[in-house]
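To start, the structure under review is shown below, and the notes come after it.
The figures here come from the full heavy-atom set of this structure, side chains too, leaving out hydrogens, waters and symmetry mates. Note that the structure is a prediction, hence the values are computed from the model and not measured.
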Amino acid sequence: MNGTTPTGETTMEPSLTTNEEHRATARRLLGHGDRGRRARAATAVRAVLRDGRGAVGAALLAVFTLVAATAPWLAPQDPRAAASFSADIMAGPSAGHWLGTDENGRDLLSQLILGTQDTMLVGFTAALVSSVIGTAVGVAAGYFGGWVDRALGVLNDWFLVLPMIPVTVLAASLLGNRAADLPLGRTSVLILVIGLFGWAGTSRIVRAEVMSLKRRAFVERSVVLGAGRARVIRTQILPNVMPLVLANAVVYVALAVLTESTLSFLGLGDPDRFSWGGMLQSAQDSGAMGSGAWGYFLAPGLGITLVVLGFSLLGHAIESRVDPRLREHR
């Protein structure tokens, strides 16, 4: 639509076509941004795998993940089946039982392989629960600020000072009576307890990053172009905080595995499922250490150590790539 200035000059108001062109340009820029993020992610993965720690950690986790995925077919026998019980009690390693047998004559290697499933399941799922809660709280606190930040900060600080092991032991004990109503029984209880009490560290990291991101030029441009809060968070904030969340989640899986093993060792695991912590508890109760049945306690202990080592190495390798403070000291 044309207009006339007091001096008689003709002006042109932006037409609908011009506005459409601006929006099309914005969409193309967003598309290029998505492709750029994918390219940076692929470059980061290659850089992590070139790091010695990342390569070793990824190799260890690939092996244990494969074992967990194929456990029912990989295990020599089903330790739950009646045929697996025998009179060959607490026997040492042999051709028929590579790690020996337990107090019921069942194959320890089969229990170790099947225990990989529960250990990896609890570790991954608890870390996922923790990451989702921590990311949501951190983004809300960092982006909205004000009273939202103060209220969530108090909640975050409260969870940070809670002692992890005593609290999870208490919570798992209280919720254990309701485990029958959950899909995975007591394993579901362990997942919920470990996930619900471990999100505060992720929240603090995400909050700090979001407070920095919302002042960046590309976020401010999105706001000027008319993007709402939900769209800005979804398209600009979350993609840029996810690398830090991933690094923290990988490290947290190691803590979740240790916590699950501790709770199972204390008798809070699912008695109907095999886990490495449960094997250690049974080994102690049956006097495996005194009888020289080293496979009973050494194998699950070594498994826990290697899984925690794998997640820790990979997590620290990822963190060294995505954390700006660590990149400056490289």
Side-chain angles (χ1 to χ4, degrees), residues 26-27 29-30 33-34 36-38 40-41 44 122-164 167-168 171 175 188-256 259 311 315 318-319 321-327:
R27 285 194 293 269
L29 290 173
L30 289 174
D34 292 338
R37 280 193 288 267
R38 288 194 292 268
R40 289 194 298 271
V122 172
F124 278 119
T125 315
L128 177 62
V129 172
S130 171
S131 298
V132 170
I133 298 174
T135 302
V137 173
V139 168
Y143 189 78
F144 294 105
W147 68 266
V148 175
D149 185 22
R150 291 191 295 272
L152 293 178
V154 171
L155 182 66
N156 192 91
D157 291 341
W158 187 73
F159 272 88
L160 275 176
V161 300
L162 288 176
M164 183 70 172
V167 169
T168 52
L175 294 175
S188 295
V189 172
L190 298 186
I191 292 171
L192 290 174
V193 167
I194 297 171
L196 290 175
F197 287 98
W199 56 267
T202 301
S203 172
R204 174 163 288 188
I205 294 171
V206 170
R207 173 186 174 274
E209 185 68 10
V210 171
M211 292 181 70
S212 172
L213 285 171
K214 71 179 184 180
R215 301 186 184 95
R216 303 280 180 86
F218 65 90
V219 175
E220 293 178 349
R221 280 197 299 268
S222 296
V223 175
V224 171
L225 286 170
R229 288 177 172 178
R231 180 174 177 81
V232 170
I233 291 173
R234 187 178 70 254
T235 61
Q236 304 296 333
I237 300 296
L238 282 178
N240 285 283
V241 301
M242 286 313 295
L244 281 175
V245 173
L246 174 62
N248 193 69
V250 172
V251 174
Y252 188 74
V253 175
L255 177 60
T259 306
F311 280 114
I318 295 173
E319 192 176 29
R321 300 297 308 177
V322 302
D323 192 328
R325 295 167 299 178
L326 296 180
R327 285 202 304 266

Could you pull out every donor-acceptor pair under 3.5 Å between side chains of residues 196-207 and any protein atom, sequence neighbours left out?
unit_1, atom_1, unit_2, atom_2, d
Trp199, NE1, Leu196, O, 3.1
Thr202, OG1, Asn248, ND2, 2.4
Ser203, OG, Asn156, OD1, 2.9
Arg204, NH2, Asp157, OD1, 2.8
Arg207, NE, Asp149, OD1, 2.8
Arg207, NE, Asp149, OD2, 3.4
Arg207, NH2, Asp149, OD2, 2.9

- With the side chain counted from C-beta on, respond yes when Val137 and Leu155 share a heavy-atom pair under 4.5 Å apart, and no when they do not.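 The answer is no; the side chains never approach within 4.5 Å.
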- Query: Going by heavy atoms in the side chains, are Tyr252 and Ile194 under 4.5 Å from each other?
  - Reply: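 Yes, side chains in contact.
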For residues [X] and [Y], report the shortest heavy-atom separation together with the two atoms involved.
X	Y	value
Val253	Ala127	CG2-CB, 3.3 Å
Leu152	Ala140	CD1-CB, 3.8 Å
Met211	Lys214	O-CG, 3.7 Å
Val219	Val232	CG1-CG1, 3.8 Å

- Query: If you measure from CZ on Arg221 to CD on Gln236, what distance do you get to the nearest 0.5 Å?
  - Reply: 8.5 Å
- Query: Between CG of Leu246 and OG1 of Thr135, what distance do you get to the nearest 0.5 Å?
  - Reply: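 Spacing of CG (Leu246) from OG1 (Thr135) equals 10.5 Å.
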- Message: Looking at Leu255, is its backbone amide N or carbonyl O close enough to the side chain of Thr259 to form a donor-acceptor pair, meaning the two atoms are under 3.5 Å apart?
- Response: yes
- What pairs of residues pass the ring-ring contact (aromatic ring centres under 6.0 Å, His included) test when at least one of them lies in residues 123-153, not counting sequence neighbours?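 As it turns out, the ring-ring contact (aromatic ring centres under 6.0 Å, His included) pairs with a partner in residues 123-153, which skip direct neighbours, are Phe124-Phe311.
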- Task: Could you pull out all residues at least two apart from Arg234 that satisfy side chain to side chain contact (heavy atoms under 4.5 Å, CB included)?
- Result: Arg231
